[in-house]
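Presented below is the structure to which this report refers.
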Amino acid sequence: MRSFLARRARIGKDQREASRPELENRIIREVGPDGTRNTAFLDANPDWFDFVPRENRFFADWQRSSACAHRIFDHWAFDIHDLEDRGRREIGFIPRPLKMPAAKLALEDGISVHHLMERTEAIDAEVGLPLAWFFLMTHGDWVDPNVGDAIAEGLRQGRVRLPDRDAAVLLAWADKKYLF
């Protein structure tokens, strides 16, 4: 998997670098009540070339979180693809949980962040993995990403707590989301 992740990062970086000449000339034109404003694309997106693929982030988040005490392959399978489409190489994977919770977790109207925390803790216990709900959320089918946003906001407001390493992973995700 290490070589796959290195290849994924390298291919993504090479593809972004190949687009540099076009992006250096791209202008974003905004029309508003005060007139028209032109902004260079790279000025509006200064971290464009610092992009980290979601596959690499998934593994990095695992290593930075409380889940790292568990072997990732005991909890996830990975459907890897490496193909070429219209001259462009596409490489990646879709993580597949080996154990799913009995019920999905969606953000319901009026639900408190404290109740969400109770539900995420129940998922972790059911799956047998700390922060399982987070990784199920990045997969997208079992935990609604809005749950992650609500808990991240609760953390920022000091209304709920997570272990520091898990809070850092969730807040980084909330600032720059990725999903499969």
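What you are looking at is a predicted structure, and each value in this text was computed from that prediction instead of being measured.
In terms of modelled atom types and a separation under 3.5 Å, the side chain of Trp48 and the main chain of Arg20 share no donor-acceptor contact. Between the side chain of Arg29 and the backbone N or O of Thr36 there is no donor-acceptor pair closer than 3.5 Å. Between the side chain of Gln15 and the main chain of Arg89, a donor-acceptor pair closer than 3.5 Å is present. Of the possible polar contacts, one joining the Asp166 side chain to the Ser66 backbone as a donor-acceptor pair under 3.5 Å is found.
Nearest heavy-atom pair across Asp144 and Ala106 is CB-CA, 3.8 Å. Across every non-hydrogen atom of Trp62 and Ala67, the tightest pair is NE1-O, 3.4 Å. The shortest heavy-atom contact between Pro101 and Leu136 is CD-CD1, 3.7 Å. Here the shortest heavy-atom pairing between Ala9 and Asn56 reads CB-ND2, 3.8 Å. Taking all atoms of both residues into account, the shortest heavy-atom contact from Ala152 to Leu171 is O-CD2, 3.7 Å. The two atoms that bring Arg165 and Gln63 nearest to each other are NH2-O, 3.6 Å, heavy atoms only.
Both Leu131 and Tyr178 belong to a single network of hydrophobic side chains, linked directly or stepwise wherever heavy atoms of I, L, V, M, F, W or Y lie under 4.5 Å apart. Tracing side-chain contacts under 4.5 Å through hydrophobic residues (I, L, V, M, F, W, Y), one never reaches Ile72 starting from Leu98; they form parts of separate clusters. Hydrophobic clustering (side-chain heavy atoms under 4.5 Å, transitive across Ile, Leu, Val, Met, Phe, Trp, Tyr) keeps Trp173 apart from Phe51. Both Leu129 and Phe78 belong to a single network of hydrophobic side chains, linked directly or stepwise wherever heavy atoms of I, L, V, M, F, W or Y lie under 4.5 Å apart. There is no path of hydrophobic side-chain contacts, each under 4.5 Å, that joins Phe49 to Ile11.
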Are Val160 and His114 close enough, and set up right, to give a side-chain contact (heavy atoms from CB on, under 4.5 Å), and what steps lead you there? CA-CA 7 Å; Val160 294; His114 301 288; 3.8 Å; yes
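Once rounded to the nearest 0.5 Å, the distance linking CD1 of Ile80 with CD1 of Ile94 reads 11.0 Å. For the atom pair CZ (Arg57) and NZ (Lys177), the distance works out to 10.0 Å, reported to the nearest 0.5 Å. A distance of 4.5 Å separates OG1 of Thr120 from CD1 of Ile151, quoted to the nearest 0.5 Å. In this structure, CG on Asp14 lies 13.0 Å from CZ on Arg7, to the nearest 0.5 angstrom. In this structure, CG in Asp141 is found 10.0 Å from CE in Met100, a value given to the nearest 0.5 Å. Separation of atoms CG (Leu42) and CD1 (Ile28) is listed at 9.0 Å; rounding is to 0.5 Å.
Separation of the Phe59 and Phe4 ring centroids does not fall under the 6.0 Å cut-off. Taking the centre of each ring, Phe180 and Phe58 come in below the 6.0 Å mark.
Between Gln157 and Val113 there is no side-chain heavy-atom pair separated by less than 4.5 Å. For the pair Leu23 and Arg16, the minimum side-chain heavy-atom distance is 4.5 Å or more. The side-chain heavy atoms of Ile123 and Trp142, taken from C-beta on, include no pair separated by under 4.5 Å.
Every residue two or more places apart in sequence or in another chain was checked for a side chain to side chain donor-acceptor pair (under 3.5 Å) with Arg64, and none qualifies.
Among residues at least two apart or in separate chains, salt bridge (charged side-chain N to carboxylate O under 4.0 Å, His left out) pairs with a member in residues 112-133 are Glu108-Arg119. Applying the side-chain hydrogen bond (donor to acceptor under 3.5 Å, both in side chains) test to residues at least two apart or on different chains, the pairs with a partner in residues 92-106 are Asp79-Arg96.
The aromatic rings of Trp76 and His139 sit tilted relative to each other, their planes meeting at an angle between 30° and 60°. The aromatic rings of His75 and His70 sit perpendicular, their planes meeting at an angle over 60°, well past the 30° parallel limit.
A side-chain contact (heavy atoms from CB on, under 4.5 Å) with Leu116 holds for exactly one of Asn146, Val143, Val147; it is Val147.
Judged by the 6.0 Å and 45° rule, Arg26 forms a cation-pi pair with Phe41.
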